[in-house]
Amino acid sequence: MSTADKHYKFINSRTGYVIFYSSLSTKLSPKEIKAELDKIKAQVAIKNGIYQETVYWEEIKDE
């Protein structure tokens with residue numbers, strides 16, 4: 001049995017392209033989710049050689 005996850009996409013605001021996808025457990029508190037998303041955002045920015053402020057994330061919602 002797997003726990004439901006929240007799925008996120010990390011986007012380069014200059015290009016509009018999604019540059020990374022990630023999933024986090026719904027068992028995490030909102031504060032823990034924010035901290036984890038900020039950590040991933042920093043890693044994605046470094047890996048792609050862009051400023052951290054250029055990257056933002058959005059939750060992927062099921063329609």
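Every heavy atom of this structure was used, including side-chain atoms; hydrogens, water molecules and symmetry mates were not.
Clustering ILVMFWY residues whenever any of their side-chain heavy atoms sit less than 4.5 angstrom apart, transitively, puts Val18 in a cluster other than the one holding Ile50. Under the 4.5 Å side-chain contact rule for hydrophobic residues, Ile33 and Ile60 do not share a cluster. Under a hydrophobic-cluster definition in which Ile, Leu, Val, Met, Phe, Trp and Tyr are linked whenever side-chain heavy atoms come within less than 4.5 Å, directly or via other members, Phe20 and Ile11 are assigned to different clusters. Tyr56 and Tyr21 fall within a single hydrophobic cluster, where Ile, Leu, Val, Met, Phe, Trp and Tyr side chains are chained together by heavy-atom contacts under 4.5 Å.
With rounding to the nearest 0.5 Å, the separation of OH in Tyr8 from CD in Glu36 is 10.5 Å. Taken to the nearest 0.5 Å, the CG atom of Leu24 stands 12.5 Å off from the NZ atom of Lys34.
Here the closest heavy-atom approach between residue Asp5 and residue Ser25 is recorded as OD1-CA, 3.5 Å. Annotation for Lys41 and Val55: closest pair CE-O, 3.1 Å, computed over non-hydrogen atoms. His7 approaches Ser23 most closely through the heavy-atom pair ND1-OG, 2.5 Å. Of all non-hydrogen atoms in Gln52 and Asp38, the two that sit nearest each other are NE2-O, 4.1 Å.
A donor-acceptor distance shorter than 3.5 angstrom exists from the side chain of Ser13 to the backbone of Thr54, with no hydrogens or angles considered.
Side-chain contact between Asn48 and Asn12 is absent, with no heavy atoms from C-beta onward closer than 4.5 Å.
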